[in-house]
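Have a look at the structure below, then the notes.
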There are 2 protein chains.
Amino acid sequence: MTGERRKFTRKSEDARREALIAAALELIAEGGPTAATVRAIAARAGVTPGLIRHYFDGKDDLTREAYRAMMAAMQADNTTVLGPATADPATRLAGFVTAALRPPVMDPHRMGLWAGFIHQVRSDPDMAAVHAETYLRYRDLLESLIADLGRHEASALRGLAIACNGVIDGLWLEGSALPAAFAPGELERIGLMAVGAILGLDLLSRHPAEEQP
Amino acid sequence: MTGERRKFTRKSEDARREALIAAALELIAEGGPTAATVRAIAARAGVTPGLIRHYFDGKDDLTREAYRAMMAAMQADNTTVLGPATADPATRLAGFVTAALRPPVMDPHRMGLWAGFIHQVRSDPDMAAVHAETYLRYRDLLESLIADLGRHEASALRGLAIACNGVIDGLWLEGSALPAAFAPGELERIGLMAVGAILGLDLLSRHPAEEQP
DNA sequence: GCCTCAATTATACACTTGCATAATTGCAGA
DNA sequence: TCTGCAATTATGCAAGTGTATAATTGAGGC
């Protein structure tokens, strides 16, 4: 009885590419770039290493595509949480802030994923462009939310958006890096307080206080 | 003539350990954890790979020590920039904020170094403890600076310190990740504006405005 | 049902990684 | 000056890395 050849089923190119990208992202999130070897990625995707070379130009190509997918997913998350522009601007903004400061966005794995890409983003111009574009789009979205409040001069919007973005990113970082240091909901409240103070309005009242009986 | 054996000079244990740690940190900052191989570290330290095993229990041990050294250096930076408690509290706070938002603290390499450690910090309890301790000490320092202002109730200090820390970290992150997106000094000004707004005081006036003729 | 061919697997290779061990040699103390 | 020993280098190895190439085989079109 010779070593039996592994059974397999053929799937669409899209399905295979998605599965490989998802596997790569999971592994990077869990163990950093080092853990995302070709063999590990293939194993997690339920496939043989050779298939990676069949659907991608190589490991670097797969990594680039995975980064693209991650950034696209993050952006989709942001527009989803925002919803339609029916609610009043302050409430929309409050929802935007708190969404970033609780799971699944605020999560050690997500931060690990983000950190795992940093060096390649810096060395690969293609990835750097994706990074810059996504960041600026996020900030522009925030700026438009602030503009909708109708409280600030147009010339101040850029600085305010950068500041609020900083608050959100910074608290996200702290909470993701050291989850045990904060009570549940604490960072959401602090985020609303800080962004409200910067913009000169009370956002905390827009927040469903989950600690009240 | 056989291959000549490499000349070398003996050095103290401390000097060799420091050189190896410095080399490891440089490599991680430049190219991420992947680039910091034993051979690369040894080469940069002007030494042969075997010496790493002579002074450290292995590569992981060297990595841990390098992380410790980095965190200690960062902490020393913070207390240095603060200086003696002679100046008035608001000016001290302003100096603390701006120091984090300009080189050499705000720097792509530093961010890369920090990011390069994240996964090991998460998986190694020893490194995790160092991380938590350093973060909390930084925040406590910030909290005491805020308390010195004499404007806030003690019960509010924790939240304010977390918020200001978030602003600083977030802007540091943005500026380090995408330096080209900001004008020189812009993030310092935005940081002072935001921290001032959160704490209810004008910090911008404490900042030497370098853009005025 | 069978045939074809692309999707998938299997195998092999050159290179790198961390580490263990043995061979040297700089240099402090006599 | 010489000698001994620890600091340093040299060598080798097993495991893991990405990739190229050849061998199989699932499944849609006839």
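First the proteins, then the strands, lettered A, B, ... as listed; each starts at 1.
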More than 12 heavy atoms of other groups within 6.0 Å of A:Asp61 CG =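 Yes, enclosed.
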What is the separation between atom [atom1] on [X] and atom [atom2] on [N], rounded to the nearest whole Å?
X       : N      : atom1 : atom2 : value
B:Lys11 : D:dT9  : NZ    : P     : 11 Å
A:Leu62 : D:dT17 : CG    : C1'   : 15 Å
B:Ile52 : D:dA10 : CD1   : P     : 15 Å
A:Lys7  : D:dT24 : NZ    : C1'   : 11 Å
B:Glu4  : D:dA10 : CD    : P     : 11 Å

Between B:Leu51 and B:Arg10, which has a closest nucleotide on DNA chain D that is more 5'?
->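 The residue mapped nearer the 5' terminus is B:Arg10.
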Position toward the 5' end of DNA chain D (nearest nucleotide), B:Val47 or A:Lys59 |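 Result of the comparison: B:Val47.
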[X] side chain near [Y] side chain, heavy-atom distance below 4.5 Å:
X        : Y        : result
B:Leu141 : B:Leu82  : yes
B:Gln120 : B:Tyr67  : no
B:Asp107 : B:Met111 : no

Under 3.5 Å, side chain of B:Glu13 to main-chain N/O of B:Tyr55, donor-acceptor pair present?
->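 No; judged by distance alone, with no hydrogens or angles, the pair does not exist.
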Could you tell me whether a side-chain N or O of B:Lys59 sits under 3.5 Å from a main-chain N or O of B:Arg53, the two making a donor and an acceptor?
->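 Answer holds: no.
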Can you sort out which residues in residues 14-36 of chain B have a heavy atom within less than 4.0 Å of DNA chain D? Ascending by number, please.
->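 Contacting residues: B:Arg16.
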Please tell me which of the listed nucleotides, D:dG12, D:dT17, D:dT9, lies nearest to the side chain of B:Arg39?
->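 Selected nucleotide (nearest to the side chain): D:dG12.
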Assign A:Tyr55 to base, sugar-phosphate, or nothing according to its heavy-atom contacts below 4.0 angstrom with the strands shown.
->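 A:Tyr55: backbone/sugar contact only, no base atoms under 4.0 Å.
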Let me know which of B:Leu145, B:Leu149, B:Val97, B:Val81 forms a side-chain contact (heavy atoms from CB on, under 4.5 Å) with B:Arg92.
->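 Only one of B:Leu145, B:Leu149, B:Val97, B:Val81 forms a side-chain contact (heavy atoms from CB on, under 4.5 Å) with B:Arg92, namely B:Leu145.
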Which residue lies toward the 5' end of DNA chain C, B:Gly50 or B:Phe8, if each is placed at its nearest nucleotide?
->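 The 5'-side residue here is B:Gly50.
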First and last nucleotide of DNA chain C in contact with chain A, 5' to 3', at under 4.0 Å to a heavy atom: what are they?
->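 Nucleotide range with atoms under 4.0 Å of chain A: C:dA6 to C:dA10.
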Ring pair (Phe, Tyr, Trp, His ring centres under 6.0 Å) partners for B:Tyr138, two or more places apart =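 Listed in chain order: B:Phe96.
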State, to 0.1 Å, how close B:Val105 and B:Arg110 come at their nearest heavy-atom pair, and which atoms those are.
->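 Shortest heavy-atom separation between B:Val105 and B:Arg110 comes out as O-CD, 3.6 Å.
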